[in-house]
There are 2 protein chains.
Amino acid sequence: MTTYDRNAAGKPAHLDEVSKKIIEQLQADGRRSYAEIGKAVGLSEAAVRQRVQKLTESGVMQVVAVTDPMQLGFYRQAMIGIRATGDTRLLADRLAELPAVDYVVLTAGSFDILAEVVCEDDDELLTLLNSKIRNLEGVTSTETFVYLKLHKQLYNWGTR
Amino acid sequence: MTTYDRNAAGKPAHLDEVSKKIIEQLQADGRRSYAEIGKAVGLSEAAVRQRVQKLTESGVMQVVAVTDPMQLGFYRQAMIGIRATGDTRLLADRLAELPAVDYVVLTAGSFDILAEVVCEDDDELLTLLNSKIRNLEGVTSTETFVYLKLHKQLYNWGTR
DNA sequence: AGTGAAACGACCGTAGA
DNA sequence: TCTACGGTCGTTTCACT
């Protein structure tokens, strides 16, 4: 599943300190054992496992592999600001279908949509823009921000 | 470590099909056992373990917990486009130090920097913008794109 | 929700092709 | 770089609190 609704699981989750610590442990290393986490947070292995299962099932957290595009041969990344007419949700669906697009967000402001793309090179980026994105129904104009240097990238949203 | 250099580990990594499959397995579930992955890709448990270790050490991949800001009480996200003078790398360092900033990228285009922020509410966002970001040395103007709906969010960059 | 205990399975180091 | 194997540790289930 590539597209998801952040509101799907409902509202807050008001985690206690122990669950926050468990999440921190898994943010540092997603393969850390439940037993080791238990030692760090002062809980039995079984209790940690139950909490992790709940956190995962409720969508608060997931443990996944993240990869570095550069090392996989994708040397060109960019953010595309898009201005559009009509229902931007439909347009967002079309954008999300493109394999090179790894991030789509509907925004308020001078762009209606922001889309991040991952390309092998400038050639692919140019083709993507001209032959795919700018052809989509509703797109009135785009602005491209080529990445010069990715400086900070956190996955631990929300625990700060 | 919150800031990292994507070029740190050098250039390509030309993975074979087996390593790509291993990464796919861990993208689906970061806690899947080496033995189970081995069955899926046709390799012994030890071989999978060695490959995962190499992929992790070389920075091609890492297994981590990712969380949903909404469910942790951060209801307002936004992308801030920043125009600046001087060395934007220094400014990016200052931005990266702010806990609410989870993403900073130096760009070419009508913005010099794009920064994603995660806030509890509009109040915090407003304070962040006015009292923190716009005060930073070198910032000449900002443009804020408040997130209305996060539509697609991939962590599996590069394997497409 | 949590603990503890026993059976099972995964993980890790080492040896060898 | 892979497989094979044994010791160790983690995980799972279940009965209990």
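Residue numbers begin at 1 in each chain, while the letters A, B, ... track the order of the sequences. All figures in this text were calculated on a predicted structure; none of them were measured in a lab.
Heavy atoms of A/E45 sit under 4.0 angstrom from at least one base atom. Looking at heavy-atom distances under 4.0 Å, B/R32 makes no contact with the nucleic acid at all. Residue contacts for B/K54: at a heavy-atom cut-off of 4.0 Å it reaches the sugar-phosphate backbone alone, with no base atom in range. Here B/S44 lies in heavy-atom contact (under 4.0 Å) with a base.
Ion pairing of A/E24 with A/K20 is absent here, as no side-chain N (NZ or NE/NH1/NH2) approaches a carboxylate O to less than 4.0 Å. A salt bridge between B/K21 and B/E17 is absent, with no side-chain N of the basic residue lying under 4.0 Å from a carboxylate O of the acidic one. Salt bridge B/E57/B/K54: absent, no basic N to carboxylate O contact under 4.0 Å.
Taking every heavy atom of both residues into account, A/R89 and A/D87 meet most closely at N-OD1, 2.8 Å. In this structure, A/V101 and A/A115 approach most closely via the heavy-atom pair CG1-CB, 4.3 Å.
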Secondary structure string for DNA chain C (Watson-Crick or G-U under 3.5 angstrom, | for other-strand pairs):
|.|||||||||||||||
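Counting only distance, with no hydrogens or angles, the side chain of A/E137 and the backbone of A/G86 share no donor-acceptor pair below 3.5 Å.
Annotation: of the two residues near DNA chain C, A/L43 and B/E36, the 5′-most nearest-nucleotide partner is A/L43. Residues A/A46 and A/K39 both approach DNA chain D. Their nearest nucleotides, taken by heavy-atom distance, put A/K39 toward the 5′ side.
A close approach under 4.0 Å does not occur between any side-chain nitrogen or oxygen of B/R49 and OP1 or OP2 of D/dC2. The shortest distance between the side-chain N/O atoms of B/R51 and the OP1/OP2 oxygens of D/dT1 is not below 4.0 Å.
Here the range on DNA chain C touched by chain A, meaning any atom under 4.0 Å from one of its heavy atoms, is C/dA1 to C/dC11.
At a threshold of 4.5 Å between side-chain heavy atoms, the hydrophobic network of Ile, Leu, Val, Met, Phe, Trp and Tyr places B/L126 and B/I80 in two separate groups.
In this structure, the nucleotide among D/dC2, D/dA4, D/dT11 sitting nearest to the side chain of B/Q50 is D/dC2.
To the nearest 0.5 Å, atoms CD (B/E116) and CD (A/E116) are separated by 9.0 Å.
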Quick one: do A/D123 and A/R76 satisfy side-chain contact (heavy atoms from CB on, under 4.5 Å)? Show the steps, please.
CA-CA 10 Å; A/D123 223 59; A/R76 182 57 85 213; over 6 Å; no
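For A/Q53 and D/dT12, the CD to P distance is 9 Å, given to the nearest whole Å.
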